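One structure coming up, written as structure tokens, with questions to follow.
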Amino acid sequence: MYRNLRVVPQLIFGRGSVHQLGDLIAGQRKDPLSPVVFLVDRVHRQKEFVRQLPAAAQDLILFVNVDTEPKTVYVDELTLQVKAFSSRRPCAVIGIGGGSTMDLAKAVALMLTNPGSSSEYQGWDLVNHPGIYHVGIPTLAGTGAEVSRTTVLTGPTRKLGINSDYTPFDQIIMDPELLAGAPRDQRFYTAMDSFIHASEALLGTFINEFSRAFAEKSQSMCREVFLGDIDEAIADEMLMVASYFGGMSIAYSQVGVCHALCYGLSYVLGVRHGIGNCIVFSHLEEYYPEDVRTFRIMMEKHGIELPLALTAGLSEREMNEMIRVALSLEPLWQNALGPDWKAKMTPERARELYLRM
Ligand SMILES: NC(=O)c1ccc[n+]([C@@H]2O[C@H](COP(=O)([O-])OP(=O)(O)OC[C@H]3O[C@@H](n4cnc5c(N)ncnc54)[C@H](O)[C@@H]3O)[C@@H](O)[C@H]2O)c1
Ligand SMILES: [Fe+2]
């Protein structure tokens, strides 16, 4: 059975395109009292483009806190806040920020039309009702969250996405100007997410020509940006596209060893996705030899230093929990190591890899 891929139906790409948001959502404002909800990473609170957001009197702007990556409890809290704000159902939810903020927006858009807690929908195809029309506006490039059919959440028992055909944005705005001012390290970590997506797609068993085309282009753009000598403005444009392409490559294949181990690391230690992937990837030369070597050269060129001995002080219980979370991600291992992955990635082997980090 081939996957019937749901893609984001509308996108705008270009410098300053964020200023078209007002026109884009005008068509959604059929009920004059129904609010548009803007979920904006609070790091942007003072930015000019935020002051210029097309918010009307009945709209709600929520500055979200992504000091930690999105949790189901936070999604539920934000959903309640939106419901309490107006008796009218919002006509649009706009997420402006990195992968964390975009994921919050996707999840809130779904939870406004589906009952219960967001933790009940972590998994595959558990969402029954379409969400509110939602728009994604990335301010970091790399996660591919702008294009994916998931919103990654940490819940009471696991870190797992709400994967569904209702999850993808209805519209995205890829404005490279919004990447300006991102901290150098964060920019690198998040960009490497797309490099790693492509690597895991290309070297996985699910690879196909569709996925390969996106992955190869995504990786070559990352290499040009981080190994070449490219003007920063052009580099931002390239990273924005590399992120989208990296997301498209895994949409029709899957991620692999790095993401599976990173989920465990992040669940137990709260390590963020971008840096977590970098830490794990740097130890995976056996699985992704050439790409890990390239990655190390990019790191060196940009003076990136990763923390060492992260797992050194872990208790036995924490280590087992980390291994449990990582090994529960069956499709990732199947892609990475094939149908007999359990023989190749035993809990002992996972422990051995974690102990290097
Ligand atoms: N849905 C998906 O398909 C998908 C895929 C990969 C990762 N993710 C999720 O994405 C998240 C990681 O996203 P991310 O790497 O984009 O980072 P992020 O959204 O977690 O943000 C990282 C930090 O950068 C700050 N930041 C964001 N944009 C900025 C800017 N322009 N200038 C200055 N600071 C800025 C944020 O405030 C935060 O402190 C994780 O929660 C991960 O689980 C989702
Ligand atoms: Fe990722």
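Here the structure is a predicted model, which means the values were calculated and not measured. Counting starts at 1 for both ligands and their atoms, following the listed order.
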- Metal-centred angle, the Fe ion (ligand 2) as apex - NE2 of His197, OD1 of Asp193, 10° resolution: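 It is 80°, given to the nearest 10°.
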- Task: Have a look at ligand 1 and work out which part of Val43, if any, has a heavy atom under 4.0 Å from it: side chain, backbone, both or neither.
- Result: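 Within the 4.0 Å criterion, Val43 contacts ligand 1 through side-chain atoms alone.
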- Location of contacts on Arg272 toward ligand 1, heavy atoms closer than 4.0 Å: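 Under 4.0 Å from ligand 1, Arg272 contributes side-chain atoms alone.
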- Nearest protein heavy atom with distance in Å, relative to atom 17 (O) of ligand 1: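 The answer is Leu140 CD1, 3.4 Å.
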- Region of Pro138 that comes within reach of ligand 1 [heavy atoms, distance under 4.0 Å]: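 Within the 4.0 Å criterion, Pro138 makes no contact with ligand 1.
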- Item | Region of Thr143 that comes within reach of ligand 1 [heavy atoms, distance under 4.0 Å] |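 Both parts.
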- With respect to atom 8 (N) of ligand 1, which of Asp193, Asp103, Asp67 exhibits the smallest heavy-atom separation?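 Selected option, by shortest heavy-atom distance: Asp103.
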- Message: Looking only at N, O or S atoms in His259, which is nearest to the Fe ion (ligand 2)?
- Response: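 Checking each N, O and S atom of His259, the shortest distance to the Fe ion (ligand 2) belongs to NE2.
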- Which residue owns the protein heavy atom closest to atom 16 (O) of ligand 1, what's the atom, and how far is it?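 Scanning the protein heavy atoms, the shortest distance from atom 16 (O) of ligand 1 goes to Gly99 N, 2.7 Å.
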- Query: Do Ser315 and Glu318 have a side chain donor and acceptor closer than 3.5 Å?
  - Reply: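 Checked: Ser315/Glu318 side chains pair up, N/O donor to acceptor below 3.5 Å.
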- Task: Taking atom 14 (P) of ligand 1 as the reference point, report whether a protein heavy atom occurs under 4.0 Å from it.
- Result: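 So atom 14 (P) of ligand 1 has protein heavy-atom neighbours under 4.0 Å.
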- Task: Report yes or no: do Asp76 and Ser118 form a side-chain donor-acceptor pair below 3.5 Å?
- Result: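 Checked: Asp76/Ser118 side chains pair up, N/O donor to acceptor below 3.5 Å.
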- Message: Using a 4.0 Å heavy-atom cut-off, which part of Asp41 comes near ligand 1: side chain, backbone, both, or neither?
- Response: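 Contact part for Asp41 vs ligand 1: side chain (C-beta onward).
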- Message: Are any of the N/O atoms on Thr151, whether in the backbone or the side chain, positioned under 3.5 angstrom from an N/O atom of ligand 1?
- Response: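 Thr151 vs ligand 1: no N/O contact under 3.5 Å.
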- Would you mind telling me if ligand 1 is within reach of the side chain of His44, the backbone, both or neither, using heavy atoms under 4.0 Å?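 The answer is the side chain.
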- Message: Considering non-hydrogen atoms of the protein only, which is the closest contact for atom 31 (N) of ligand 1, and what is the distance?
- Response: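 For atom 31 (N) of ligand 1, the nearest protein heavy atom comes out as Thr139 O, 2.9 Å.
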- Task: Side-chain contact test, heavy atoms from C-beta onward, threshold under 4.5 Å: evaluate it for Glu216 versus Phe245 and give yes or no.
- Result: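 They are not in contact (no side-chain heavy atoms under 4.5 Å apart), so the answer is no.
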- Of all heavy-atom pairs between Val8 and Ile172, which one has the smallest distance, and what is that distance?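 In this case the closest contact between Val8 and Ile172 is CG1-CG1, 4.0 Å.
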- Query: Quick one: does NZ or CZ of Lys159 land under 6.0 Å from the six-membered ring centre of Tyr263, within 45 degrees of the ring axis?
  - Reply: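 That pair qualifies as a cation-pi contact.
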- Item | His273-Glu69 side chain donor-acceptor pair, cut-off 3.5 Å |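 Not at all, the side chains of His273 and Glu69 share no donor-acceptor pair under 3.5 Å.
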- Distance-minimising heavy-atom pair for Val255 and Ile250: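 For Val255 versus Ile250, the nearest heavy atoms are CG1-CG2, 3.6 Å.
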- Pair Glu146-Ser243, side-chain donor/acceptor within less than 3.5 Å: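 Present: a donor and an acceptor within the cut-off.
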- Item | Minimum-distance protein heavy atom relative to atom 32 (N) of ligand 1 |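 The answer is Ala182 CA, 3.4 Å.
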- State, with a plain yes or no, whether a side-chain heavy atom of Glu321 is found less than 4.5 Å away from one of Tyr267.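 Yes, close enough: below the 4.5 Å cut-off.
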- Measure from the Fe ion (ligand 2) to each N, O or S atom of His273 and report whether any distance is below 2.8 Å.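 Looking at His273, which is the residue asked about, there is an N, O or S atom under 2.8 Å from the Fe ion (ligand 2).
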- In ligand 1, which numbered atoms sit nearer than 4.0 Å to a non-hydrogen atom of Gly98?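 Under 4.0 Å from Gly98, ligand 1 has these atoms: 16 (O), 19 (O).
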- Give the C-alpha distance, both sets of side-chain angles, the deciding distance and a yes or no for side-chain contact (heavy atoms from CB on, under 4.5 Å) between Met192 and Phe295. CA-CA 8 Å; Met192 284 306 115; Phe295 166 79; 3.6 Å; yes
- Task: Using distance alone, with no hydrogens and no angle criterion, decide if Thr150 and Ser148 have a side-chain donor and acceptor under 3.5 Å apart.
- Result: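 On atom types as modelled, these side chains do not qualify, holding no pair under 3.5 Å.
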- Query: For ligand 1, which atoms sit closer than 4.0 Å to a heavy atom of Leu178?
  - Reply: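 The atoms of ligand 1 under 4.0 Å from a heavy atom of Leu178 are 31 (N).
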- Query: When you measure from atom 33 (C) of ligand 1 to every protein heavy atom, which one gives the shortest distance, and what is it?
  - Reply: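 Scanning the protein heavy atoms, the shortest distance from atom 33 (C) of ligand 1 goes to Pro183 CD, 3.4 Å.
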- Query: What do we get for Ser148 next to ligand 1 when only non-hydrogen atoms under 4.0 Å count, side chain, backbone, both or neither?
  - Reply: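 Side chain only.
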- Query: Can you find a heavy atom in the side chain of Leu203 that is under 4.5 Å from one in the side chain of Asp291?
  - Reply: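 Sidechains of Asp291 and Leu203: in contact.
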- Query: Nearest non-hydrogen atom to atom 24 (O) of ligand 1 belongs to which of His259, Gln186, Arg149?
  - Reply: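 Of the listed residues, Gln186 has the closest heavy atom.
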- Which one of Gly276, Ala107, Ser100, Gly181 has a non-hydrogen atom at the shortest distance from atom 11 (C) of ligand 1?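 Checking each option, the heavy atom nearest atom 11 (C) of ligand 1 is found in Ser100.
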- Task: Go through ligand 1 atom by atom and flag the ones less than 4.0 Å from a non-hydrogen atom of Pro70.
- Result: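 Answer for ligand 1: 41 (O).
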- Item | Min side-chain heavy-atom separation Leu53-Ile96 under 4.5 Å |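 A side-chain contact exists here, since the closest heavy-atom pair is under 4.5 Å.
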- Task: Run the salt-bridge test on Asp229 and Lys301 with the 4.0 Å N-O cut-off and return the result as yes or no.
- Result: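 No, Asp229 and Lys301 are not salt-bridged.
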